[in-house]
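Heads up, the thing below is written out as structure tokens.
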Amino acid sequence: MSDRDLSRHRARVAALADALAGSSDPVRLKKRTSNLFRTREDGEFTALDVGSLNHVLAVDPDERTAEVEGMTTYADLVDATLPHGLAPAIVPELKSITVGGAVTGVGIESSAFRFGLVHHTVREIDVLVADGRVLTCGPDQRDELFRGFPNSYGSLGYATRVRLDLIPVRPFVQLDYEKFDDPDRLFEAIGRECATPTCDYLEGVYFGPGDFVLSRARFVEAPPAGASPSDYTWMKPYWKSLRSRRKDLLTVHDYLWRWDTDWFWCSRNVGAHLAPVRLLLGRKRLNSVTYQRIMRASHRFPLSLVSRLRPRTESVIQDVDIPIGNAAAFLADFEAEIGIRPVWICPFVVPKGDVPNDGAPNDDFSLFPLRTDTAYVNFGFWDMVRSREPDGFYNARVETLVAKHGGRKSLYSRSTYDEATFWDIHDREAYDALKRECDAGGRFPGLYEKAVGQR
């Protein structure tokens with residue numbers, strides 16, 4: 001990082017620290033986009049404008065690391081690293097996701113079966129805490145904060161700088177699709193890849209009972225003879241190609257953002273899977289930011305009136321992590337009780353290097369501890385479920401199924417846990433100690449209050 005860039009970064013952080021220290025109300029972030037999908041209570045808050053903390057500070061090709069400010073989007077980070085033949089080890093699938101958000105909110109992607117979750121690829125974090133201090137943490141300094149920051153969702157502080165790992169990439173990605181009709185065979189194949197990888201990226205999609213597609217992707221230097229890369233950035237939805245092709249080819253840039261154009265398949269909820277609508281919207285509007293804006297506008301007057309004309313529904317937007325040995329049983333229960341399709345299937349492992357004792361059954365990230373003796377499968381499902389039940393019924397059923405199958409649920413979306421159950425899942429002792437250090441006055445919402453109480 002140049003002295004000039006460092007000086008400007010420090011000035012931006014100092015301005016935020018002064019604004020924080022010079023106010024007394026409860027604090028919320030003011031930002032342009034959000035990948036949190038839960039409603040929030042109104043009230044008197046200090047709005048901390050973090051929009052200026054969106055710079056890539058440095059890319060070190062020799063060390064294979066990047067330093068970025070917390071509100072830097074992965075789209076900007078990828079644009080900065082690809083010219084060096086590098087990419088972040090984990091690139092969450094939507095361009096609008098920020099690095100700080102992915103660290104505090106547990107990000108994932110199709111390289112996770114090699115590298116783990118986003119926080120497993122981070123070397124150092126600067127955290128702005130409630131009294132305006134900036135605390136640098138990593139495995140060798142303030143380890144408790146470093147291990148407690150993932151899954152804290154802004155309840156301890158905000159990432160102002162993150163140093164993370166990069167991996168070497170090539171210009172193109174060759175994709176091979178394998179169909180399965182038996183979930184046990186699918187998860188056996190995924191387990192073998194997690195144990196002994198033969199590809200660079202791995203993911204699957206569940207389209208319905210007996211209808212699975214597993215995608216293995218490998219870096220290649222150049223297209224095979226006579227082949228040219230596919231383009232899924234406008235008229236052709238990527239997800240619709242999975243069952244119609246055996247192979248595909250994308251540039252590495254387009255592979256990393258293959259899901260963003262249609263927000264996986266959620267564009268169909270606004271009709272954007274239809275050719276006339278795609279043509280009308282144009283290439284630039286087909287992206288996750290557009291769909292976020294439409295979704296949030298639908299909850300505000302006058303668009304909120306439309307919901308009264310339709311059958312009552314419940315929004316079920318969730319990602320859950322299930323030990324691979326229980327994955328098939330979880331999916332069968334999910335199909336029977338919730339029934340959302342398609343479902344994204346993203347396997348991941350916990351890198352052993354992050355565990356002080358390789359024989360330990362869990363890693364030591366206190367708010368998101370994971371077993372080290374098994375691979376996991378992340379199931380992502382995002383849709384509306386028609387309901388005659390009380391609001392929240394289906395989200396609560398998801399939580400029950402996750403517990404039944406020994407998994408964990410992300411907190412970016414709706415949670416219905418009672419407080420006792422919530423703190424049975426999360427390490428309250430470790431969290432309370434960090435809360436006292438970082439936010440003794442309670443200016444940030446507590447984790448339970450934010451995740452469940454909608455603060």
Side-chain angles (χ1 to χ4, degrees), residues 1-35 45-81 83-84 86 88 95-105 107 118-119 121-138 140-142 145-146 149-150 152-166 289 434 437-441 443-445:
M1 188 190 317
S2 70
D3 291 342
R4 183 180 181 185
D5 289 338
L6 178 60
S7 176
R8 289 178 173 178
H9 166 68
R10 286 175 172 169
R12 289 189 289 269
V13 174
L16 281 177
D18 290 345
L20 191 56
S23 61
S24 58
D25 289 331
V27 178
R28 281 184 180 174
L29 292 189
K30 180 181 179 181
K31 49 186 180 177
R32 297 178 183 86
T33 64
S34 174
N35 285 281
F45 296 94
T46 293
L48 195 64
D49 190 348
V50 294
S52 64
L53 287 182
N54 62 352
H55 297 75
V56 178
L57 301 172
V59 176
D60 188 330
D62 296 324
E63 289 291 323
R64 293 182 181 171
T65 62
E67 289 194 53
V68 303
E69 293 176 329
M71 288 300 294
T72 304
T73 64
Y74 274 91
D76 288 341
L77 177 54
V78 165
D79 285 348
T81 61
H84 299 281
L86 299 168
K95 290 182 177 181
S96 56
I97 294 175
T98 63
V99 175
V103 174
T104 194
V118 164
H119 58 269
T121 71
V122 170
R123 298 193 184 188
E124 191 173 79
I125 316 168
D126 284 352
V127 180
L128 175 65
V129 299
D131 60 6
R133 291 175 297 153
V134 177
L135 305 181
T136 299
C137 59
D140 301 320
Q141 56 181 327
R142 290 195 177 93
L145 179 56
F146 182 72
F149 193 70
S152 65
Y153 283 92
S155 67
L156 299 175
Y158 305 114
T160 60
R161 181 186 63 89
V162 179
R163 182 153 59 98
L164 71 163
D165 288 331
L166 306 175
V289 174
L434 288 172
E437 177 185 2
C438 299
D439 183 25
R443 296 198 63 197
F444 306 143

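Every heavy atom of this structure was used, including side-chain atoms; hydrogens, water molecules and symmetry mates were not.
- Ile97 CD1 to Thr73 OG1: the interatomic distance, rounded to the nearest 0.5 Å, is 10.5 Å.
- When all heavy atoms of Ala159 and Gly100 are compared, the closest pair comes out as CB-CA, 4.1 Å.
- Closest non-hydrogen pair, Pro445 versus Ser155, comes out as O-CB, 3.0 Å.
- Between the CZ atom in Arg163 and the CD atom in Glu63 there is a gap of 8.0 Å [rounded to 0.5 Å].
- Between Val78 and Pro83, the shortest heavy-atom contact is O-CD, 4.5 Å.
- Considering every non-hydrogen atom in both Leu48 and Ala19, the closest pair reads CD1-CB, 4.2 Å.
- Here the side chain of Arg443 pairs a donor or acceptor atom with the backbone of Leu20 at under 3.5 angstrom.
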Worked verdict on Glu69 versus His9 for side-chain contact (heavy atoms from CB on, under 4.5 Å): CA-CA 8 Å; Glu69 293 176 329; His9 166 68; 2.7 Å; yes
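- Of the possible polar contacts, one joining the Thr81 side chain to the Leu86 backbone as a donor-acceptor pair under 3.5 Å is found.
- Rounding to the nearest 0.5 Å gives a distance of 9.5 Å between CZ of Arg161 and CZ of Arg10.
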Go through the steps to decide whether Ile125 and Val103 satisfy the test side-chain contact (heavy atoms from CB on, under 4.5 Å), and finish with yes or no.
-> CA-CA 9 Å; Ile125 316 168; Val103 174; 3.8 Å; yes
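- What you find for Tyr158 and Phe149 is that their closest heavy atoms are C-CZ, 4.3 Å.
- Rounded to the nearest 0.5 angstrom, Arg12 CZ and Leu53 CG are separated by 6.5 Å.
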Exercise for review: Given side-chain contact (heavy atoms from CB on, under 4.5 Å), test Tyr74 with Val118 step by step and report yes or no.
Suggested key: CA-CA 12 Å; Tyr74 274 91; Val118 164; 3.6 Å; yes
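- Remark: Asp18 engages no residue in a side-chain contact (heavy atoms from CB on, under 4.5 Å) (not counting sequence neighbours).
- Remark: Thr160 OG1 to Leu135 CG distance equals 9.5 Å, nearest 0.5 Å.
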Notebook entry, point to check: Given Asp76 and Asn54, is the side-chain contact (heavy atoms from CB on, under 4.5 Å) satisfied, shown in steps?
Noted result: CA-CA 9 Å; Asp76 288 341; Asn54 62 352; 5.6 Å; no
Inset, instruction - Go through the steps for Asp126 and Thr136 under the test side-chain hydrogen bond (donor to acceptor under 3.5 Å, both in side chains), then give the verdict. - result: CA-CA 4 Å; Asp126 284 352; Thr136 299; 2.7 Å; yes
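- Contact check for Val127 versus Cys438: no side-chain heavy atoms found under the 4.5 Å cut-off.
- Listed here is the closest heavy atom pair of Ser152 and Thr104: OG-OG1, 3.2 Å.
- Summarising the geometry, atom CD belonging to Glu437 is positioned 6.5 Å from atom CZ belonging to Arg142; distances are rounded to the nearest 0.5 Å.
- Between Thr98 and Thr72 the shortest side-chain heavy-atom distance does not fall below 4.5 Å.
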